[in-house]
Engineer: 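My questions all concern the structure below.
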Amino acid sequence: MCKLTVADPASTLGCVGVGQGTRTCLAGARLYTSACPCAPAGGAVLAGDALLECVARALRCAVRHERNPLARPTAFDSVSVPAMPLSDYLRRFRREFRCSDSVYVCALVLMDRLLESRGSTGDQLELTAWNVHRMFLVCAVLAAKYNEDSTWRNREFAVIGGVRVRELNRLESIVCRRLGFALNVTPATYAEYCRSIAALGETGLVL
């Protein structure tokens with residue numbers, strides 16, 4: 001398992017916001033680190049809360065903060081933007097999911113696959129402030145089930161994620177269908193995501 005390190009997670013950069021609104025989290029992270037002169041090449045080591053903070057930063061790189069007025073609400077959209085910051089939401093996962101750190105990197109991979117997938121009508125999902133929490137919750141649940149030897153039931157996962165179990169079941173079914181049940185992550189893809197989010201961590205990015 002790749003381990004990643006943050007030099008100074010409290011430092012603030014002047015190039016914040018580069019990469020926001022890209023199609024995928026990986027593309028956003030790469031765009032940010034390539035455009036920011038203070039971003040190193042990656043390769044340091046992270047685990048635990050520091051890793052989760054880097055995953056949250058990668059998510060923020062792709063989140064849109066304005067809704068497309070022509071787009072219909074999706075099954076993942078909340079009525080309002082959740083009050084809990086992404087970093088706090090992911091830290092709750094780490095406390096309660098009781099799974100390995102690799103699950104969160106794999107969840108990010110599944111999230112990007114979901115964003116690149118097309119529905120039955122050819123539609124593509126956009127990551128927004130209204131749906132990022134629920135999308136990542138479902139991808140984390142699927143990543144845990146696929147990669148861990150034992151996990152909670154959906155009833156417990158729903159409580160941790162702050163949704164009804166019936167809603168989680170429905171969203172899980174939607175994601176599985178859109179991904180064609182392709183939940184595996186190759187070692188090469190895993191390493192690629194580790195390198196990219198490690199670079200975000202080393203910049204001390206604040207989004």
Side-chain angles (χ1 to χ4, degrees), residues 1-6 9 19 22 24-30 32-33 42-63 76 82 84-116 127 129 131-152 154 156-163 168 171-172 175-176 179 182-207:
M1 183 177 70
C2 174
K3 293 184 180 179
L4 313 172
T5 15
V6 164
T22 51
T24 65
C25 302
L26 182 63
R30 284 176 169 172
Y32 175 81
T33 53
V45 187
L46 279 188
D49 285 347
L51 170 60
L52 290 185
E53 178 57 32
C54 287
V55 171
R57 292 173 183 180
L59 291 169
R60 293 188 199 108
C61 281
V63 166
F76 298 93
M84 181 177 289
L86 273 174
S87 296
D88 293 346
Y89 195 57
L90 267 59
R91 278 194 289 269
R92 178 200 284 182
F93 285 6
R94 185 162 184 268
R95 287 195 310 270
E96 305 295 341
F97 266 40
R98 300 179 187 177
C99 61
S100 61
D101 287 344
S102 61
V103 163
Y104 305 109
V105 179
C106 291
L108 198 62
V109 177
L110 297 185
M111 171 83 86
D112 279 354
R113 286 183 191 168
L114 179 62
L115 294 171
E116 290 179 320
L127 193 63
N131 63 27
V132 61
H133 292 71
R134 291 183 183 182
M135 276 194 192
F136 191 80
L137 167 64
V138 179
C139 291
V141 168
L142 289 172
K145 289 181 177 181
Y146 189 87
N147 293 287
E148 301 289 283
D149 292 330
S150 62
T151 65
W152 296 117
N154 272 16
E156 286 77 28
F157 279 133
V159 172
I160 296 167
V163 298
L168 178 58
L171 295 178
E172 190 178 47
V175 173
C176 285
L179 297 184
L183 304 179
N184 65 303
V185 176
T186 65
T189 298
Y190 183 84
E192 180 183 18
Y193 273 74
C194 283
R195 285 192 298 270
S196 295
I197 64 175
L200 283 177
E202 288 179 310
T203 63
L205 171 65
V206 176
L207 281 173

Engineer: Got a second to check how far Leu108's CG is from Tyr190's OH, nearest 0.5 Å?
Structural biologist: 11.0 Å

Engineer: Relative to the ring of Tyr104, is the ring of Phe136 parallel (under 30°), tilted (30 to 60°) or perpendicular (over 60°)?
Structural biologist: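 Rings of Phe136 and Tyr104: parallel, under 30°.
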
Engineer: Looking at Leu142, is its backbone amide N or carbonyl O close enough to the side chain of Glu172 to form a donor-acceptor pair, meaning the two atoms are under 3.5 Å apart?
Structural biologist: no

Engineer: Quick one: does any side-chain atom of His133 pair with a main-chain N or O of Gly162 as donor and acceptor, under 3.5 Å?
Structural biologist: no

Engineer: Would you give the length of the straight line joining atom CG of Leu183 to atom SG of Cys139, rounded to the nearest 0.5 angstrom?
Structural biologist: 9.0 Å

Engineer: Counting C-beta onward and ignoring hydrogens, is there a side-chain heavy-atom pair between Ile197 and Arg57 closer than 4.5 Å?
Structural biologist: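 No, their side chains stay 4.5 Å or more apart.
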
Engineer: Taking Arg92 for the side chain and Ile160 for the main chain, is one N or O donor matched with an acceptor at less than 3.5 Å?
Structural biologist: yes

Engineer: Output the distance between atom CG (Leu127) and atom CE (Met111), rounded to the nearest 0.5 Å.
Structural biologist: 5.0 Å

Engineer: Is a side-chain donor or acceptor of Trp152 paired with a backbone partner of Arg98 at a separation under 3.5 angstrom?
Structural biologist: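 No, the answer is negative, given that no donor and acceptor are paired below the 3.5 Å cut-off.
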
Engineer: Find the distance between CG (Leu86) and CD (Glu53) and round it off to the nearest 0.5 Å.
Structural biologist: 9.5 Å

Engineer: Determine whether Asn147 and Ser100 make a side-chain contact, defined as any pair of heavy atoms from C-beta on separated by less than 4.5 Å.
Structural biologist: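 No, their side chains stay 4.5 Å or more apart.
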
Engineer: Mind checking whether Phe97 and Phe93 have parallel, tilted or perpendicular rings, split at 30° and 60°?
Structural biologist: parallel

Engineer: Is there a side-chain contact (heavy atoms from CB on, under 4.5 Å) between Met135 and Leu115 once you walk through the steps?
Structural biologist: CA-CA 10 Å; Met135 276 194 192; Leu115 294 171; 4.1 Å; yes

